[in-house]
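Each remark here refers to the structure printed beneath this line.
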Protein chains: 2
Amino acid sequence: MSLAHALLGLLADHPGTGYELRQRFEVSLRSAWYASHSQIYPELARLEARGLVEVVARGARGSKTWAVTDAGRDELRRWLVETEPNRDVRNEPGLRAFLVFLLDAADRRRVLQAELEEVRGRLASLDEIAARLDGLDRPATFAPVVDLGQRVDAVVEAWLREQLAAADEG
Amino acid sequence: MSLAHALLGLLADHPGTGYELRQRFEVSLRSAWYASHSQIYPELARLEARGLVEVVARGARGSKTWAVTDAGRDELRRWLVETEPNRDVRNEPGLRAFLVFLLDAADRRRVLQAELEEVRGRLASLDEIAARLDGLDRPATFAPVVDLGQRVDAVVEAWLREQLAAADEG
DNA sequence: GCCATCATGTAATTAGTTACATGATTAG
DNA sequence: CTAATCATGTAACTAATTACATGATGGC
């Protein structure tokens, strides 16, 4: 179960509330993992019971700021270095990339075009993020992964353009 | 739930048994979706109840060959053309790509090196698959997706080499 | 005062994993 | 004859989604 380690990693980068962690899943970690608040809150409680995270501050509205403990850092390191990654893939856009070739040319064009727009939008926001990170004094921890995202999406964009061209003439 | 549509798509390409579908999840569809037999058999039964697939042959060892019905083809098309892809991502190697930057240089090198070997192995088998598809008379339905996989993995391989070099000097 | 956002939780359901269970066929 | 592979299922458990539920704070 990787949610636990995603949370440990986010908190190892810097402490935060459950609410704020959910936002980080939506922005920085978006391309790798996602979790909703109804999964995050119970998981933080379980991690606390295992001594891997702790509440370091309580603020307004009953908010709790969580931080990773030394045991949590150990567990994160152990997981990254000593365990085999689970490579089972479940990626709906990827599945659709396969299945789109079962459609006739007109339908295929529609689906590919929509996907092209999606990827271009994502590239635009990755460019923004990269520019923002470039402006910082210290390099951000996750900056190289933004770079990887840009390169992968550039490849996907080119592929979509080619498949669209093929659907247009074919 | 995309498992249903993955099965409809595989059967739309050509009919097969549950056992054989599981193998297709492991080879052709590997980079996009995975499902175990304990998920496939009940799902085929549910799809049959909905009239989207049917048994077209019974063979040795109680095997059933399934095929997609017209209603199943309609449902597959409807899903591909008319529904928004679910873009929630849960990708453990992707998550690890983020978290690896929280490790010290020595640990990071270890993890990146292991990943580099993994990607190179995958690239080698994609090359084999591409060569095999090239030898066929008719182009295979899913050939363009193999091409996409090769391009994406090439980008990932280059990125891993760069991050390894950075960890070596840093 | 009111609306957006912050902030946290639980319950019911569905999806997916791991373990249990069985047996037929075929190649060597 | 025997081991590998083909072939199908169910049960118990864990993970994830969707829906329900509540309330505080801060800016305007």
Side-chain angles (χ1 to χ4, degrees), chain A residues 1-8 10-11 15-27 29-30 32-50 53-66 79 83-92 95, chain B residues 1-8 10-11 15-27 29-30 32-50 53-66 79 83-92 95:
Chain A
M1 208 252 309
S2 315
L3 170 62
H5 298 97
L7 289 170
L8 290 175
L10 287 174
L11 293 178
T17 66
Y19 185 86
E20 200 254 324
L21 288 167
R22 201 213 60 207
Q23 292 179 318
R24 286 201 252 165
F25 273 115
E26 269 169 23
V27 279
L29 218 55
R30 231 210 155 309
W33 207 266
Y34 167 81
S36 64
H37 79 275
S38 62
Q39 229 190 325
I40 291 168
Y41 291 116
E43 188 60 41
L44 284 170
R46 280 190 289 270
L47 289 170
E48 186 184 35
R50 293 168 61 196
V53 302
E54 62 188 345
V55 175
V56 291
R58 279 158 194 278
R61 283 160 277 196
S63 81
K64 303 174 195 166
T65 299
W66 298 87
W79 184 73
T83 68
E84 267 304 300
N86 176 355
R87 298 184 192 280
D88 292 353
V89 175
R90 249 176 230 111
N91 169 266
E92 201 183 294
L95 175 62
Chain B
M1 208 253 306
S2 314
L3 170 62
H5 298 97
L7 289 170
L8 290 175
L10 287 174
L11 293 178
T17 66
Y19 185 85
E20 200 255 324
L21 287 166
R22 201 214 59 206
Q23 292 179 317
R24 285 202 251 165
F25 272 116
E26 269 169 22
V27 278
L29 218 55
R30 233 211 152 309
W33 207 266
Y34 167 80
S36 63
H37 79 276
S38 62
Q39 229 190 325
I40 292 168
Y41 291 116
E43 188 59 41
L44 284 169
R46 280 191 289 271
L47 289 170
E48 186 184 34
R50 293 168 63 196
V53 302
E54 62 188 346
V55 176
V56 291
R58 279 159 195 275
R61 284 160 276 194
S63 80
K64 302 175 196 168
T65 299
W66 298 89
W79 184 72
T83 68
E84 267 305 300
N86 176 355
R87 298 184 191 281
D88 292 353
V89 175
R90 249 178 229 112
N91 171 265
E92 202 183 293
L95 174 62

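Quick caveat: nothing in here was measured; it's all calculated off a predicted structure.
- Among the nucleotides dT8(D), dC6(D), dG9(C), the one closest to any side-chain atom of Y41(A) is dG9(C).
- Computed from coordinates, the D88(A) CG to dG16(C) C1' distance equals 10 Å when rounded to whole Å.
- At the heavy-atom level, E43(B) lies nowhere under 4.0 Å from the strands shown.
- The two atoms that bring L95(B) and A32(A) nearest to each other are N-CB, 3.5 Å, heavy atoms only.
- Of all heavy-atom pairs spanning G18(A) and L44(A), the tightest one is CA-CD1, 3.9 Å.
- Residues A60(B) and A35(A) each lie close to DNA chain D; by heavy-atom proximity, the contact nearer the 5' end of the strand is made by A60(B).
- The distance from atom CG of L3(A) to atom CD of Q39(A), rounded to the nearest 0.5 Å, is 5.0 Å.
- Taking atom CG on L44(B) and atom P on dG9(D), their separation rounds to 9 Å, with Å as the unit.
- Within the 4.0 angstrom heavy-atom criterion, base atoms lie near S36(B).
- Here the P atom of nucleotide dC6(D) and the NE2 atom of H37(B) are 14 Å apart, to the nearest Å.
- As rounded to whole Å, 17 Å separates atom P of dA16(D) from atom CE of M1(B).
- A residue-by-residue look at G18(A) and Q39(B) shows that G18(A) has its nearest nucleotide of DNA chain C further toward the 5' end.
- Closest-nucleotide positions on DNA chain D for N86(B) and E20(B) were compared, and the one nearer the 5' end corresponds to E20(B).
- In this structure, the OH atom of Y19(A) is 14 Å from the P atom of dG26(D), given to the nearest Å.
- The distance between atom CG of L7(A) and atom P of dA16(D), rounded to the nearest whole Å, is 11 Å.
- Because its NZ or CZ atom is both nearer than 6.0 Å to the ring centre of Y19(A) and within 45° of the ring axis, R22(A) counts as a cation-pi partner of that residue.
- Note: CZ (R46(B)) to P (dT10(D)) measures 11 Å, nearest angstrom.
- Contact annotation: side chain of T17(A) to base of dT8(C), donor-acceptor pair absent below 3.5 Å.
- Distance, H5(A) NE2 to dA15(D) P: 12 Å, rounded to whole Å.
- Contact detail for W33(A) and A6(A): the closest heavy-atom pair is CD1-CB, 4.4 Å.
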